[in-house]
Amino acid sequence: MLDDTTKEQVLKVLETNEKIHSAFFKYDGKKVEESAKALQSSIEGIKNKEVAKHLKFSKDKLNEIKADRDRKKNNQTYHLVSMALIHIINKYDVGDIIMPTLAQW
């Protein structure tokens with residue numbers, strides 16, 4: 001179980017993830033990089049040490065997503081990030097709201 005503050009922080013991460021997912025869907029390298037930075041910032045906002053520990057790898061991987069980097073490599077990196085977010089959704093009760101792109105997994 002997560003406390004309400006942590007749930008809000010995790011949901012913010014998931015909402016921010018929707019923006020990067022959208023930027024990948026209509027691939028725009030600049031928006032992908034901007035969204036990766038925003039997602040990294042959202043992850044940094046998680047104060048719960050256990051949840052933050054699960055997302056540390058993803059937070060670090062987001063630094064690799066760059067506008068001028070090969071799209072396929074950005075996609076592979078984002079996939080790793082997404083897998084960590086899916087793990088969070090499966091491990092913790094984040095509430096009734098699950099973002100559509102991650103619910104597909």
Side-chain angles (χ1 to χ4, degrees):
M1 294 293 289
L2 297 175
D3 60 81
D4 290 341
T5 300
T6 303
K7 277 185 185 180
E8 287 178 27
Q9 293 165 352
V10 170
L11 287 173
K12 181 177 180 187
V13 168
L14 296 175
E15 288 170 3
T16 306
N17 182 65
E18 286 300 305
K19 294 176 184 168
I20 191 171
H21 181 264
S22 178
F24 269 103
F25 190 77
K26 299 176 185 175
Y27 198 79
D28 178 334
K30 184 177 178 181
K31 286 185 181 179
V32 165
E33 182 176 352
E34 289 171 0
S35 298
K37 288 178 183 178
L39 182 54
Q40 186 179 42
S41 178
S42 291
I43 291 172
E44 288 171 352
I46 295 178
K47 303 304 179 204
N48 179 297
K49 289 181 183 182
E50 183 180 339
V51 175
K53 179 179 156 186
H54 287 297
L55 294 175
K56 183 185 181 329
F57 175 80
S58 294
K59 183 180 71 137
D60 294 342
K61 289 302 275 184
L62 286 165
N63 283 323
E64 297 177 19
I65 297 177
K66 302 288 182 193
D68 60 354
R69 189 170 181 231
D70 178 69
R71 179 181 180 171
K72 184 176 179 179
K73 288 182 181 182
N74 278 341
N75 284 345
Q76 290 170 341
T77 301
Y78 177 62
H79 174 73
L80 293 173
V81 172
S82 294
M83 296 308 295
L85 295 175
I86 292 166
H87 175 74
I88 295 298
I89 289 172
N90 289 332
K91 182 171 177 80
Y92 300 102
D93 177 9
V94 296
D96 294 333
I97 301 173
I98 297 178
M99 306 317 284
T101 54
L102 292 179
Q104 296 169 6
W105 294 94

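For reference, positions follow the sequence shown, starting with 1. The model shown is predicted, which means the values in this text are computed figures rather than measured ones.
- Within the 4.5 Å cutoff, no side-chain heavy atoms of I89 are placed close to those of L85.
- Side chain to side chain, Y92 and N48 fail the donor-acceptor criterion of an N or O pair below 3.5 Å.
- By the 4.0 Å N-to-carboxylate-O rule, E8 lies too far from K12 to be salt-bridged with it.
- Of the inter-residue distances, the one linking R69 atom CZ with E33 atom CD reads 11.0 Å to the nearest 0.5 angstrom.
- Side chains of N75 and Y27: a donor-acceptor N/O pair is absent below 3.5 angstrom, by distance only.
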Q9 and E44: side chain to side chain contact (heavy atoms under 4.5 Å, CB included), yes or no, with the steps?
CA-CA 10 Å; Q9 293 165 352; E44 288 171 352; over 6 Å; no

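- More than 12 heavy atoms of other shown residues, nucleotides or ligands fall within 6.0 angstrom of atom NZ in K66.
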Side chain to side chain contact (heavy atoms under 4.5 Å, CB included) assessment of T77 paired with L80
CA-CA 5 Å; T77 301; L80 293 173; 5.6 Å; no

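- Separating the CG atom in N17 from the NZ atom in K19 is a distance of 11.0 Å, to the nearest 0.5 Å.
- Between K61 and E64 there is a salt bridge, with a side-chain nitrogen of the basic residue lying less than 4.0 Å from a carboxylate oxygen of the acidic one.
- Under the 3.5 Å distance criterion, the side-chain polar atoms of Q40 are matched with a main-chain donor or acceptor of K59.
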Intermediate values then yes/no, side chain to side chain donor-acceptor pair (under 3.5 Å), D3 and T6:
CA-CA 5 Å; D3 60 81; T6 303; 2.9 Å; yes

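- Residues L62 and I43 have side chains in contact (heavy-atom distance under 4.5 Å, counting atoms from C-beta outward).
- Atoms OG and CG, from S58 and N63 in turn, are 11.5 Å apart once rounded to the nearest 0.5 Å.
- Put simply, the side chain of L2 does not reach to within 4.5 Å of the side chain of D93, judged on heavy atoms.
- A salt bridge between D60 and K56 is present, with a side-chain N of the basic residue lying under 4.0 Å from a carboxylate O of the acidic one.
- Note that CZ of F24 is 8.5 Å distant from CZ of R71, once rounded to the nearest 0.5 Å.
- Once rounded to the nearest 0.5 Å, the distance linking NE2 of H54 with CD1 of I46 reads 11.0 Å.
- Below 30°, between 30° and 60°, or above 60°: for H21 and Y78 the angle between ring planes is between 30° and 60°, a tilted geometry.
- Here Q76 contributes atom CD and D70 contributes atom CG; the two are 8.0 Å apart, rounded to the nearest 0.5 Å.
- Between F25 and I20, every side-chain heavy-atom pair lies at or beyond the 4.5 Å cut-off.
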